[in-house]
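A quick write-up on the structure given underneath.
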Amino acid sequence: MAELAISVDGLVKRFEDVVAVDGVSFSVPAGTCLGLLGPNGAGKTTTVEILEGLQEATSGTVRVLGQLWGEHAERLRARIGICLQETRFYEKLSVKETVALFRSFYPSGVEVEEAIGLVALEEKRDARVGKLSGGQRQRLALAVALVGDPEVLFLDEPTTGLDPASRRGLWDVIEALKARGRTVVLTTHYMEEAERLCDQVVIVDHGKVVAKGTPAELVASFGGAQVIEFEARPLLSLDACRALPGCSDVTTQNGTVRLHVKGLPEALPALLRTAEAAGATLVQLSTHAPTLDDVFLHLTGRSLRDEAS
C-alpha cells in the first residue's frame, strides 16, 4: 500500500445538537488527488476544515502526513497549502509583493518568481491586487498556496468563476503537482473537473460517506446501464416509466426525467410508445453513457451541476 498522506477514521463533528459530520472514514495515498463531493450542507466543508486544522473534531482520528493536529500543529502548517474559494488580499500590494509576503511565513518553499510562473501571472507581477480580474485573483490565491511548496494542497472550489482557459491552466498545475508526488484534496462542483483530476472520489451526504472509489469505479456501479433524459408535455406517469423494459431507476429534476436502462434498443421505442399512448409530446430527448454527475444525482437526489448555482 502506498504511503498515506491523509487518514480519517470515524470522524464526527457536532455543533450543539447538529451533527455536521457523522462517522466519516477515508484515506488518501501520497501523490494522488482526492475529490470530496457533496451537496451544499452535506458536511464536506466541515470535513476539509478539520483536515486543514481550522476546526477540532468532536471525535474520531485525523492524521495528515502521519501527524495529529493536536500534537504537531505548527509543523503541519508549514507542510500544507490552502486555496479557498475566495481569498481577500491587501489591494495596494502588487502580485509579487503579495506572494513574497506569504513566502516569508514558511521556513522553506519555492522562489517567488517560480510561484508566479506556476499560475501564469508573470505579466501581472507588478500589478496591484486591486486591479486584477476575478480569475487573476484566484490564480494569485493558488500561487500563495503553492509558495511554501506544500506536501498536501487543499483546494476549495478553486476554479469557480474562472473562464475555461484559466480553468484548464489550473488543471495543468494540479496535474504537475501530482507528478511531483504532492497530494491534493479538491472540492468542486464541476463534474468534468473531478473526472479529470481525481484518482479517488468520496461522496458525502447528510454528514456520511455514501460512496467512494475511482471515478471509473463509481460510474461502473451503474452496471452498464445507459441514461435516457426527456421532458414530456403533459408529464408522464413515473410508474409508467418504471415499467419500461430494463429500467432500473427513475429520477426527476426541474421537469426532466432520467431513466437508467439496461438496453436502449428496447427501452427507447417503448418510451415513445408510452408517450404516444398517453397523448404526451417529448419536447426534449437525449441519451448518454452514465457519468459521475449521474452517480451523484442517483445517490443524493441532486445534480453536481446544479450544486454550483
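Remember, predicted model here, so these are calculated numbers, not experimental data.
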Atom pair [atom1] ([X]) and [atom2] ([Y]), whose distance is rounded to the nearest 0.5 Å:
| X | Y | atom1 | atom2 | value |
| --- | --- | --- | --- | --- |
| Glu231 | Thr256 | CD | OG1 | 3.5 Å |
| Arg139 | Ser133 | CZ | OG | 6.5 Å |
| Trp171 | Thr159 | CH2 | OG1 | 7.0 Å |
| Leu153 | Ile174 | CG | CD1 | 7.5 Å |
| Ser104 | Leu101 | OG | CG | 5.0 Å |
| Thr45 | Asp156 | OG1 | CG | 5.5 Å |

After noting the C-alpha distance and the side-chain angles of Glu123 and Arg125, does the key distance pass the salt bridge (charged side-chain N to carboxylate O under 4.0 Å, His left out) rule?
CA-CA 6 Å; Glu123 294 184 358; Arg125 63 165 57 84; over 6 Å; no
Treating Lys44 as the side-chain partner and Gly38 as the backbone partner, does any N or O pair qualify as donor plus acceptor under 3.5 Å?
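It does hold such a pair.
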Determine yes or no for a side-chain-to-main-chain donor-acceptor pair under 3.5 angstrom, with Gln138 supplying the side chain and Gly135 the backbone.
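It does not hold such a pair.
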Is any side-chain heavy atom of [X] closer than 4.5 Å to a side-chain heavy atom of [Y]?
| X | Y | value |
| --- | --- | --- |
| Val204 | Leu36 | yes |
| Leu218 | Val201 | yes |
| Thr47 | Phe26 | yes |
| Leu268 | Leu285 | yes |
| Val184 | Leu34 | no |
| His206 | Asp22 | no |
| Phe154 | Ile80 | yes |
| Leu177 | Thr183 | no |

Can you give me the closest heavy-atom contact between Val209 and Ser25, atom names plus distance?
CG2-O, 4.1 Å
Phe89 to Ala141 - nearest heavy-atom pair and separation:
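Looks like CZ-CA, 3.8 Å.
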For [X], which residues count as a side-chain hydrogen bond (donor to acceptor under 3.5 Å, both in side chains) partner, sequence neighbours excluded?
| X | result |
| --- | --- |
| Lys178 | Asp199 |
| Gln284 | Ser286 |
| Arg137 | Glu91 |
| Thr98 | none |

Pairing residues for [X] by the side chain to side chain contact (heavy atoms under 4.5 Å, CB included) criterion, not counting sequence neighbours:
| X | value |
| --- | --- |
| Val210 | Ile203, Asp205, Leu299 |
| Asp149 | Val110, Arg180, Arg182 |
| Ala100 | Val112 |
| Glu111 | Glu114 |

Among Thr287, Val250, Leu244, Val257, find the residue that satisfies the side-chain contact (heavy atoms from CB on, under 4.5 Å) test when tested with Ile228.
Thr287
So which of Leu155, Leu121, Val147, Thr87 actually passes side-chain contact (heavy atoms from CB on, under 4.5 Å) with Leu142?
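Filter result, single survivor: Leu155.
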So, [X] and [Y], do they make that salt bridge, N to O below 4.0 Å?
| X | Y | result |
| --- | --- | --- |
| Arg128 | Glu97 | yes |
| Glu217 | Lys212 | no |
| Arg196 | Asp172 | yes |
| Asp294 | Arg258 | yes |
| Lys124 | Glu122 | no |

Derivation and outcome, side chain to side chain contact (heavy atoms under 4.5 Å, CB included), residues Val219 and Thr214:
CA-CA 9 Å; Val219 170; Thr214 68; over 6 Å; no
Side-chain donor-acceptor pairs under 3.5 Å in residues 55-71, sequence neighbours left out?
| residue | atom | partner | partner atom | Å |
| --- | --- | --- | --- | --- |
| Gln55 | NE2 | Glu49 | OE1 | 2.4 |
| Thr58 | OG1 | Arg14 | N | 2.8 |
| Trp69 | NE1 | Leu51 | O | 2.8 |

Tabulate below the donor-acceptor pairs under 3.5 Å that side-chain atoms of residues 270-283 make, not counting sequence neighbours, or state none.
| residue | atom | partner | partner atom | Å |
| --- | --- | --- | --- | --- |
| Thr274 | OG1 | Ala270 | O | 2.8 |

Test item: side-chain donor near acceptor, Tyr190 and Arg167, under 3.5 Å:
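Yes, a side-chain donor-acceptor pair sits under 3.5 Å.
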Go through Leu4 and Val28 one step at a time and tell me if the side chain to side chain contact (heavy atoms under 4.5 Å, CB included) criterion holds.
CA-CA 6 Å; Leu4 295 181; Val28 188; over 6 Å; no
Partners passing ring-ring contact (aromatic ring centres under 6.0 Å, His included) against Phe105 (at least two apart in sequence or in another chain)
Phe102
Ring pair (Phe, Tyr, Trp, His ring centres under 6.0 Å) contacts touching residues 259-283 (sequence neighbours left out)
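Passing the test, one end in residues 259-283: Phe222-His260, His260-His298.
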